[in-house]
Amino acid sequence: MNENTPAVNTVSPVKAALNYGVIFGALLIIEFVTMYLLDINPQEQGTIAVVNALVNYIVLPFTFIILACNTYKKLNGGFISYGQALKIGVIVTVIASIVLGIFNIIFNLILPEIQVEMIQKAKENMVKQNPNMTSEQLEAGLQVAEVFMKPYVLLPLSILMYAFIGLINSLIIGAIVKKENPGGF
């Protein structure tokens, strides 16, 4: 290493992303609990659904990924590669989705009547949106909704969805924050 190249502390992208993923997951839990306690159903209110989606899938992931990338960059002597930024983004969002998924499993174990309420609300929304729906179509739709509420389906799908969201956000963030180490590390 020549004297003009700064010393690099090789830090794992996981270490840099872990805290931000947990904080992101905690915020998703707080949002979920708040909406539950205030009895806000985004499916019934279009504006809330749009704002909720923008915050959960763009604003929060982007914010926590950029914070994690900048933390990694600082801990790594000011350097971060494009690939490291991608790893960090996916790790942040996957950890957040795991935290939220575990919370949902516990929440549904503690309050099993929640799923019954959610199915009832889904039924009301389906009838409201399509009053000409036959009872067979309604039952089929509700059966699909019930399957997607099962933890063994919901958790892996959430992880995949958030991993994809993390990847998309990281593609943008990586291009912004990358600074390759001239020493080749």
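For reference, positions follow the sequence shown, starting with 1.
Closest non-hydrogen pair, Ile48 versus Ile40, comes out as CD1-CG2, 3.7 Å. Heavy-atom minimum distance, Gly101 versus Leu155: CA-CD1, 3.5 Å. Closest approach of Ile65 to Ile88, counting heavy atoms only: O-CG2, 4.4 Å. Heavy-atom minimum distance, Ala17 versus Ile91: CB-CG2, 3.5 Å. Across every non-hydrogen atom of Ser170 and Gly89, the tightest pair is OG-CA, 2.8 Å. In terms of heavy-atom proximity, Ala163 sits nearest to Val90 at O-CG2, 3.9 Å.
No continuous path of ILVMFWY side-chain contacts below 4.5 Å connects Met35 to Tyr57, so the two sit in separate hydrophobic clusters. Val116 and Phe32 sit in two unconnected hydrophobic clusters of ILVMFWY residues. Membership requires side-chain heavy atoms under 4.5 Å apart, directly or through other members. The hydrophobic clustering, which links ILVMFWY residues whose side-chain heavy atoms are closer than 4.5 Å, places Leu54 and Tyr162 apart. Val14 and Phe64 fall within the same hydrophobic cluster, defined by Ile, Leu, Val, Met, Phe, Trp and Tyr side-chain heavy atoms under 4.5 Å apart, directly or through other members. Note: the hydrophobic cluster containing Val51 also contains Leu28 (ILVMFWY, side chain heavy atoms under 4.5 Å, direct or indirect links).
By the neighbour-count criterion of 12 heavy atoms within 6.0 Å, atom NZ of Lys87 is sparsely surrounded, having that number or fewer from other residues, nucleotides or ligands.
Here Gln84 contributes atom CD and Ser12 contributes atom OG; the two are 9.5 Å apart, rounded to the nearest 0.5 Å. Annotation: the span from Leu160 atom CG to Ile165 atom CD1 amounts to 11.0 Å, rounded to 0.5 Å. Note that the CD1 atom of Ile106 and the CG atom of Leu111 stand 12.0 Å from one another [nearest 0.5 Å]. Atoms CG and CG, on Leu75 and Asn70 in that order, are 11.0 Å from each other to the nearest 0.5 Å. A distance of 8.0 Å separates CG of Leu27 from CZ of Phe24, quoted to the nearest 0.5 Å. Summarising the geometry, atom CD1 belonging to Ile29 is positioned 9.0 Å from atom CD1 belonging to Ile102; distances are rounded to the nearest 0.5 Å.
Ring orientation note: the planes of Tyr36 and Phe107 are nearly perpendicular, at an angle over 60° on the 30°/60° scale.
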Evaluate the side chain to side chain contact (heavy atoms under 4.5 Å, CB included) criterion for residues Phe62 and Ile172: first the C-alpha distance (whole Å), next the side-chain angles of each, then the deciding distance (0.1 Å), finally the verdict.
CA-CA 9 Å; Phe62 194 89; Ile172 297 164; 4.1 Å; yes

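In this structure, the side chain of Tyr72 does not engage the main chain of Lys15 through any donor-acceptor pair within 3.5 Å.
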